[in-house]
Trainee: 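Next up is a structure, given as C-alpha cells.
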Amino acid sequence: MGKKRVMVAAEDVDLSAVKYEQEEIKAPHLTGLIFKLFVRIVEAPIVGSFILSAMKKQNKMTQLLRNTLIPEGPMFKPEFPPQELEAGVVVLDEDGKPEDRVEVALKCLPQYDPASCWSGNSIQSFRYWRIRDYAYAYRSKLATPSLVAEHVISVIDEFSNKKPPQPLLITFNPEEVRSQAAASTKRFEEGNPLSILDGIFVAIKDDIDCFPHPSKGGTTWMHEVRTVKKDAVCVSRLRSCGVIFIGKANMHELGMGTTGNNSNYGTTRNPHAPERYTGGSSSGPAALVASGLCSAALGTDGGGSVRIPSSLCGVVGLKTTYGRTDIGGSLCEDGTVEIIGPIASTVEDVMLVYSAILGTSLADRLSLKPSPPSVPNLSLYDSLNTLGSLRLGKYTAMVEIVVPELHEMRTAHLISIGSEFLNALNPYCEEGYGAKLSYDSRTNVALFRSFSASDYIAAQCLRRRIMYHHMEIFKKVDVIVTPTTGMTAPIIPPAALKDGETDMRVTGDLMRFVIAGNLLGLPAISVPVGYDKQGLPIGLQLVGRPWGESSILRLASAIEELCAKSKKRPVQYFDVLKS
C-alpha cells in the first residue's frame with residue numbers, strides 16, 4: 001500500500017516553492033482499427049479496469065484521489081465571496097426585456113462610422129462585417145435579411161455536398177431560414193426592427209434547444225429520446241430581439257472532446273486551414289462565425305468548449321461566470337462546470353449578444369447571489385483610464401502570480417465533468433444507447449465509469465481548495481492573462497475521419513489553460529492576437545474575478561484594437577452581406 005500524502009491547508013501552502021511545470025499526459029494516440037479494438041478492450045469488465053487503473057496511476061491520478069488527505073471540505077458547485085461592482089460600467093436589468101438590454105449595450109460602444117466601414121479604404125488588410133454593419137445595410141436598404149439569407153443558404157448547401165462530409169450544421173432547414181428572414185425584412189420595410197440584432201444570423205450549437213429543430217448533441221440518437229418543445233432560455237431571449245437562426249451547428253459528440261471530430265456527421269474544418277481541426281466541442285459555431293456565414297453563435301463551455309475553437313479559428317469566445325446565463329433547455333443544464341456563451345468575430349458583437357442572453361435563473365440567484373450584470377462603457381473618453389487601472393497577472397515560467405496545484409485542478413475538473421456527464425447519460429445507456437456512441441465517446445464513458453464516489457468527493461474538496469488559491473490571487477490582480485490553448489490547430493489525421501480518435505496529449509495541450517474557468521466558474525474570454533509561423537490563429541485568454549465580465553470585455557476590446565491591422569482573411573471566407 002502506498003504512503004499517504006497529507007496536504008497542508010490551502011492557506012498554509014508555501015507559494016515560493018511552487019514551480020510551473022508543463023504537464024504531459026501519458027496515453028496512446030489511436031485511430032482506425034487499433035482504436036476500435038482498444039475501445040472494446042477498455043469496455044471489458046476485468047481487462048478494461050486493469051488498463052484504466054494503470055493509466056490513472058501513470059498520470060498520478062490514483063495517488064492524488066485515493067492516497068491523499070485533503071483538509072478542505074467539498075464544494076459541489078462554485079461558491080463566490082461578494083464582489084464589488086467594476087468601474088466604468090453600465091448595469092443591465094436582467095429582469096428586463098433582452099432587446100432593452102441590447103439597446104443599453106449598443107450605447108456603450110464607440111461611435112459607428114459607416115463611411116470607414118463601407119468605403120473600402122480601410123487600413124486593415126481584412127475586417128469581418130460586424131452586427132452594426134448589417135444593421136446599417138438593412139436600414140440604408142443596401143441589403144435585406146432575405147437577400148443575405150439566400151447567400152447563406154447557397155454556401156451551406158455547398159458544404160453539405162462536400163466529400164468527405166464536413167458539415168457546418170447538423171440540422172438545417174432552408175425554408176425555416178427564409179421564413180425568419182422574410183419576417184425580419186418586413187419589419188425593416190415597415191420601419192419597426194425589434195433591435196440592433198434584428199436580421200442578424202446566428203447559429204446554435206446542437207446541444208442547445210432551438211425549436212423546431214431537434215437537439216442531437218452530435219449523436220445519431222439523442223433526438224429519439226428527448227423531444228424539443230420550446231427554445232432554450234438563451235435562444236428565446238435572442239429570438240425576441242429578431243435574430244435569424246440558421247440551424248443547429250456541428251459539434252464534438254455530446255461535448256466530450258476538444259478537437260471537434262464527429263464521425264457521425266462529418267468533421268467541421270478550420271476555415272484558416274481546412275486540413276486542420278477547428279477545436280471543440282463548439283466546432284460548428286466557431287467555424288460558421290470565422291467563415292463569415294453568421295455574425296454570432298451560441299456554444300456551451302464545460303471544459304473550454306467555447307474558448308478553444310474560438311482561439312483555433314481566430315474569433316472571440318466568451319465563457320461567462322457560472323450562473324450568469326440560464327442554461328435551461330440545453331443538454332448540460334444540470335452541470336456545475338458548464339455555461340452557454342457567445343462566439344462572434346469581434347468583441348463588440350460578443351458584448352451585444354451577451355447582453356441579450358444574460359440573466360441568472362431563480363435557483364442560481366438564491367444560491368450564488370450574483371453581482372448585477374453590466375457591460376463596459378467603451379464610449380467614454382476616460383475609458384482608457386479605466387483600462388489602465390486594471391491589474392494584470394500571468395502564470396508562466398516568468399512568474400508574476402503563482403497558481404499552485406495545477407495538476408490537482410485538472411484532475412478535479414476531469415472527475416467533475418466526467419461524473420456529471422455520466423449521471424446525465426446513464427439512463428440512456430441502460431436502454432442500450434451507449435453502444436450507439438462514437439468510439440471516442442465510449443472511451444470517455446469507460447474512463448468516467450472507473451471513477452468512484454470517493455474520487456468525486458475528493459475532487460470537490462480540491463475545488464474548494466483551488467477556489468481559495470484563485471480568490472487570493474484576485475486580491476492582487478483583476479485579470480489573469482494566459483494563452484487560450486497550448487497549441488494552435490492540430491492536423492486532422494485522415495484515419496480519424498471515419499471512426500474518430502483518442503489523443504489525450506492533444507486534449508491536454510488544448511485544455512492546458514482553460515480549466516479554472518470551468519471548475520471554479522470564473523468568467524474568461526479568448527481574443528485573437530495573431531498567428532503562428534504557419535499562419536494559424538493564436539488566442540489570448542483573459543480570466544476575470546467572479547461576475548467580472550465587464551473587465552475582461554474592456555481589456556479584450558483594447559487588445560483587439562491593437563491587433564486589428566494583422567487580421568488575415570480565412571481561406572474559407574464568404575462575404576454574405578456584399579456578395
Trainee: Do Gln541 and Arg307 have side-chain atoms, one donor and one acceptor, less than 3.5 Å apart?
Mentor: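 Yes.
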Trainee: Can you tell me if Ser526 and Ser310 form a side-chain donor-acceptor pair at under 3.5 Å?
Mentor: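 No pair is found: no donor N or O on one side chain lies under 3.5 Å from an acceptor on the other.
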Trainee: Tell me, yes or no, whether the heavy-atom count around Glu84 atom CD, taken from other residues, nucleotides or ligands under 6.0 Å, exceeds 12.
Mentor: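 Atom CD in Glu84 is not crowded, with 12 or fewer foreign heavy atoms closer than 6.0 Å.
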Trainee: Ignoring hydrogens and angles, tell me if any N or O in the side chain of Lys369 forms a donor-acceptor pair with the backbone of Leu366 under 3.5 Å.
Mentor: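 Between the backbone of Leu366 and the side chain of Lys369 there is a qualifying donor-acceptor contact (under 3.5 Å).
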Trainee: Just by modelled atom types, is the Leu288 backbone N or O under 3.5 Å from a matching donor or acceptor in the Ser291 side chain?
Mentor: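 It does hold such a pair.
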Trainee: Can you see which heavy atom on Val316 is nearest to which on Pro528, and at what distance?
Mentor: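 Looks like CG2-CD, 3.8 Å.
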Trainee: Give the table of side-chain donor-acceptor pairs shorter than 3.5 Å for residues 188-208, with sequence neighbours excluded, one pair per line with atom names and distance.
Mentor:
residue : atom : partner : partner atom : Å
Asn192  : ND2  : Glu190  : O            : 3.3
Ser195  : OG   : Leu197  : N            : 3.0
Ser195  : OG   : Cys241  : O            : 2.8
Asp198  : OD1  : Ser184  : OG           : 2.8
Asp198  : OD1  : Arg187  : NE           : 3.4
Asp198  : OD1  : Arg187  : NH2          : 2.8
Asp198  : OD2  : Arg187  : NE           : 2.8
Asp198  : OD2  : Leu194  : N            : 2.7
Lys205  : NZ   : Ser281  : OG           : 2.7
Lys205  : NZ   : Ser282  : OG           : 3.0
Lys205  : NZ   : Thr300  : O            : 3.4
Lys205  : NZ   : Thr300  : OG1          : 2.8
Asp206  : OD1  : Lys216  : N            : 3.4
Asp206  : OD2  : Lys216  : N            : 3.3
Asp206  : OD2  : Gly217  : N            : 3.0
Asp206  : OD2  : Gly218  : N            : 3.0
Asp207  : OD2  : Thr300  : OG1          : 2.7

Trainee: At what distance, to the nearest 0.5 angstrom, does CZ of Phe172 lie from CG of Asn250?
Mentor: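 CG of Asn250 is found 14.0 Å from CZ of Phe172.
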Trainee: Work out which heavy atom in Tyr322 is nearest to a heavy atom in Ile339; give both atom names and the distance.
Mentor: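 Nearest heavy atoms, Tyr322 then Ile339: CA-CG2, 3.8 Å.
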Trainee: Do Ile552 and Leu318 come close enough that some side-chain heavy atom pair is under 4.5 Å?
Mentor: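 Yes, close enough: below the 4.5 Å cut-off.
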Trainee: Return the minimal non-hydrogen interatomic distance between Leu298 and Cys234, and the atom names on each side.
Mentor: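 Smallest heavy-atom distance, with atoms named: CD1-CB, 4.0 Å.
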Trainee: Determine, step by step, whether Asn262 and Ser283 satisfy the side chain to side chain contact (heavy atoms under 4.5 Å, CB included) criterion, reporting the C-alpha distance in whole Å, the side-chain angles of both residues, the deciding distance to 0.1 Å, and the verdict.
Mentor: CA-CA 9 Å; Asn262 188 308; Ser283 52; over 6 Å; no
Trainee: So, are Arg554 and Asp478 salt-bridged, with charged N and O less than 4.0 Å apart?
Mentor: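 So Arg554 does not pair with Asp478 through a salt bridge.
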Trainee: For Leu378 and Cys108, what are the C-alpha separation, side-chain angles and deciding distance, and is it a side chain to side chain contact (heavy atoms under 4.5 Å, CB included)?
Mentor: CA-CA 5 Å; Leu378 303 178; Cys108 292; 5.7 Å; no
Trainee: Is there side-chain contact between Glu338 and Glu333, with at least one heavy-atom pair below 4.5 Å?
Mentor: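 Not touching, per the 4.5 Å side-chain cut-off.
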Trainee: Got more than 12 heavy atoms from elsewhere within 6.0 Å of NZ, Lys186?
Mentor: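 For Lys186, atom NZ is not crowded (no more than 12 foreign heavy atoms under 6.0 Å).
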Trainee: Would you please classify the geometry between the His470 ring and the Phe474 ring as parallel, tilted or perpendicular, with 30° and 60° separating the classes?
Mentor: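 Rings of Phe474 and His470: tilted, as their planes differ by 30° to 60°.
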Trainee: Applying ring-ring contact (aromatic ring centres under 6.0 Å, His included), can you list everything that pairs with Phe574, at least two apart in sequence or on another chain?
Mentor: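 With sequence neighbours excluded, Phe574 shows a ring-ring contact (aromatic ring centres under 6.0 Å, His included) to Phe159, given in chain and number order.
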Trainee: Walk me through whether Asp133 and Tyr112 qualify under side chain to side chain donor-acceptor pair (under 3.5 Å).
Mentor: CA-CA 9 Å; Asp133 295 326; Tyr112 178 70; 2.7 Å; yes
Trainee: What I'd like to find out is whether the side chain of Leu577 reaches to under 4.5 Å of the side chain of Val148, using heavy atoms alone.
Mentor: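 Yes, side chains in contact.
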Trainee: Specify the closest pair of heavy atoms between Ile417 and Gly302, including all atoms of both residues, with the distance to one decimal.
Mentor: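 The answer is CD1-O, 3.4 Å.
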Trainee: Taking the side chain from Thr185 and the backbone from Ala181, do they hold a donor-acceptor pair closer than 3.5 Å?
Mentor: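 Side chain of Thr185 to backbone of Ala181, a donor-acceptor pair under 3.5 Å: yes, one is there.
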Trainee: Please determine whether a side-chain nitrogen of the Lys or Arg among Asp93 and Arg101 lies less than 4.0 Å from a carboxylate oxygen of the Asp or Glu.
Mentor: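 Salt bridge absent between Asp93 and Arg101.
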Trainee: Tell me whether Glu348 is salt-bridged to Arg132, with the criterion being a basic N under 4.0 Å from an acidic carboxylate O.
Mentor: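 Yes, Glu348 and Arg132 are salt-bridged.
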Trainee: Please determine if Arg569 and Asp575 form a salt bridge, counting it only when a charged side-chain N lies under 4.0 Å from a carboxylate O.
Mentor: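 Salt bridge absent between Arg569 and Asp575.
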Trainee: Is the shortest heavy-atom distance from the side chain of Asp301 to the side chain of Val514 under 4.5 Å?
Mentor: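 With C-beta onward as the side chain, the pair stays apart.
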Trainee: Please report the shortest heavy-atom distance between Leu522 and Gly544, naming the atom on each side.
Mentor: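 Closest pair (atom of Leu522, atom of Gly544, distance): CB-O, 3.7 Å.
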Trainee: In Å, rounded to the nearest 0.5 Å, how long is the span from OG of Ser295 to CD1 of Ile131?
Mentor: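 Rounded to the nearest 0.5 Å, the OG-CD1 separation comes to 5.5 Å.
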Trainee: Contact between Val235 and Asp209 at the side-chain level, heavy atoms closer than 4.5 Å - yes or no?
Mentor: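 A side-chain contact under 4.5 Å is absent here.
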Trainee: Keeping the roles fixed (side chain from Ser566, backbone from Gly530), state whether a donor-acceptor pair exists under 3.5 Å.
Mentor: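 Judged by distance alone, no pair lies under 3.5 Å.
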Trainee: Going through the distances and angles, do Ser367 and Lys77 end up as a side chain to side chain contact (heavy atoms under 4.5 Å, CB included)?
Mentor: CA-CA 10 Å; Ser367 62; Lys77 64 190 298 186; 3.9 Å; yes
Trainee: Find the distance between OG (Ser355) and CG (Asp100) and round it off to the nearest 0.5 Å.
Mentor: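 Those atoms lie 12.0 Å apart.
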Trainee: Below 4.5 Å, heavy atoms only, C-beta onward: do Glu103 and Lys97 meet side chain to side chain?
Mentor: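 No; the side chains remain at least 4.5 Å from each other.
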Trainee: Could you tell me whether the side chain of Arg324 reaches within less than 4.5 Å of the side chain of Pro370, counting heavy atoms only?
Mentor: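 Yes. Closest side-chain heavy atoms under 4.5 Å.
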Trainee: Evaluate side chain to side chain contact (heavy atoms under 4.5 Å, CB included) for Thr360 paired with Thr320, printing each intermediate quantity in order.
Mentor: CA-CA 11 Å; Thr360 307; Thr320 60; over 6 Å; no
Trainee: Does Tyr531 have any ring-ring contact (aromatic ring centres under 6.0 Å, His included) partners at least two apart in sequence or in another chain, and if so, which?
Mentor: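 Here no residue qualifies.
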Trainee: Distance only, no hydrogens: is a donor on one side chain within 3.5 Å (strictly under) of an acceptor on the other, for Thr321 and Glu549?
Mentor: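 Judged by distance alone, the side chains do pair up.
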Trainee: Are the side chain of Tyr265 and the backbone of Thr219 linked by a donor-acceptor contact shorter than 3.5 Å?
Mentor: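 A pair under 3.5 Å: yes.
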Trainee: Closest heavy-atom contact between Val289 and Ile343?
Mentor: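 Looks like CG2-O, 3.8 Å.
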Trainee: Just how far is it from atom CD1 of Ile480 to atom NZ of Lys394, taken to the nearest 0.5 Å?
Mentor: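 Output value for this atom pair is 12.5 Å.
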Trainee: Pick one: which of Asn270, Asn261, Thr267 meets side chain to side chain donor-acceptor pair (under 3.5 Å) with Tyr277?
Mentor: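 Of Asn270, Asn261, Thr267, side chain to side chain donor-acceptor pair (under 3.5 Å) with Tyr277 is met by Asn261 alone.
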Trainee: Would you check if there is a donor-acceptor pair between the side chains of Asp532 and Thr488 at a distance under 3.5 Å?
Mentor: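 Checked: Thr488/Asp532 side chains pair up, N/O donor to acceptor below 3.5 Å.
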Trainee: Among side-chain atoms of Ser215 and Lys248, is any donor-acceptor pair under 3.5 angstrom?
Mentor: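 Short answer, yes.
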Trainee: Report the distance from atom CG of Leu358 to atom CZ of Arg237, rounding to the nearest 0.5 Å.
Mentor: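 Going from the CG atom of Leu358 to the CZ atom of Arg237 covers 7.0 Å.
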Trainee: Is it true that a side-chain atom of Glu560 and a backbone atom of Val347 form a donor plus acceptor pair closer than 3.5 Å?
Mentor: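 Yes, the answer is positive, given that a donor and an acceptor are paired below the 3.5 Å cut-off.
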Trainee: Checking Arg130 side chain against Ser345 main chain: does a donor-acceptor pair fall under 3.5 Å?
Mentor: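 Pair absent, no side-chain N/O of Arg130 close to backbone of Ser345.
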Trainee: Output the distance between atom CG (Asn518) and atom OG (Ser305), rounded to the nearest 0.5 Å.
Mentor: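 Those atoms lie 7.5 Å apart.
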Trainee: Is it the case that the side chain of Gln180 and the backbone of Ile244 share a donor-acceptor pair, with hydrogens and angles ignored and the cut-off at 3.5 Å?
Mentor: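 Judged by distance alone, no pair lies under 3.5 Å.
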Trainee: Quick one: are Phe245 and Leu238 in side-chain contact, heavy atoms under 4.5 Å?
Mentor: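 Yes, their side chains come closer than 4.5 Å.
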